[in-house]
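Atom set for the values below is all heavy atoms of this structure, side chains included, hydrogens, waters and symmetry mates excluded. Whatever order the structure lists them in is the order used to number ligands and atoms, beginning at 1.
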Amino acid sequence: MNTKSKQTVMVVEDEEAFIDALVVGLQREGFGVEVARDGAEALSNFDKINPDIVLLDVMLPKVSGTDVCREIRKKSQVPIIMVSAKGTEIDTVVGLEVGADDYIVKPYRIRELVARVRAALRRSATPEGESLDSGTSVSVGDVTINPEQHVVTVRGQLTKLPLKEFELLYVLMANAGRVMTRDTLIDRVWGSDYYGDTKTLDVHIKRLRTKVEVVPSTPTSILTIRGLGYKFEKLN
Ligand code: CA
């Protein structure tokens with residue numbers, strides 16, 4: 001998908017101490033790093049930088065990280081990892097709702113951050129990898145998902161989904177009628193090296209329901225199996 005030898009991380013961060021540590025840490029791991037110091041700069045430079053991944057601080061001057069995420073998602077499926085300070089995790093959950101792939105809370109270890117960046121890049125580089133291996137389209141009830149063309153049709157309507165939501169829906173639908181445990185879903189969609197919060201899964205499920213369900217608050221397709229995980233209902 002990307003033929004550049006060096007992958008570029010766009011770091012959107014306003015605190016110099018974090019910027020320095022990130023630039024040094026990421027460059028040492030072989031990444032190219034471009035820094036934007038506020039939300040407006042991030043948006044105006046996004047096309048020019050054309051990053052492979054975005055590390056997006058939530059609390060930013062001018063335009064918030066959440067709004068930056070929302071804007072980027074209008075035009076790009078680039079992996080976005082939200083970064084929040086302790087106590088502002090709620091904003092990060094909002095970030096996930098507007099299309100971020102993952103989040104990490106400050107203070108973090110640079111090693112953990114790099115692991116998350118690599119995992120996100122790997123997932124975005126292989127949309128037809130492990131979790132989407134069959135490549136054939138799956139229809140359950142009034143939902144059809146086609147991993148080859150990366151399209152989802154819900155009740156005849158073409159529906160756009162961010163990568164992680166797409167992969168999650170595919171895993172659920174390919175296993176329709178079967179209960180998928182939380183661990184299995186996280187493993188298949190985010191990778192076995194995922195260190196993040198399991199809330200990420202629930203937020204993605206919630207987002208999927210708003211797109212797939214007739215009444216998202218009373219789902220009939222994507223069911224919660226208490227204490228276990230989720231199931232895509234076969235008959236609906
Ligand atoms: Ca900040």
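Near the Ca ion (ligand 1), less than 3.0 Å away, sit the protein N, O or S atoms D14 OD1, D57 OD2, M59 O.
Following chains of ILVMFWY side-chain contacts shorter than 4.5 Å, one cannot reach L161 starting from V214, and the two form parts of different hydrophobic clusters.
Proximity of a side-chain donor or acceptor of S76 to a complementary backbone N or O of V78 within less than 3.5 Å is detected.
Between R37 and E16 there is a salt bridge, since at least one side-chain N of the basic residue sits less than 4.0 Å from a carboxylate O of the acidic one. Of the charged side-chain nitrogens involved, at least one lies within less than 4.0 Å of a carboxylate oxygen, so that E233 and K231 count as a salt-bridged pair. Look at E165 and K211 and you find a salt bridge, because one of the NZ, NE, NH1 or NH2 atoms lies within 4.0 Å of a carboxylate O, short of that distance.
Other residues, nucleotides and ligands contribute at most 12 non-hydrogen atoms within 6.0 Å of the NZ atom of K48.
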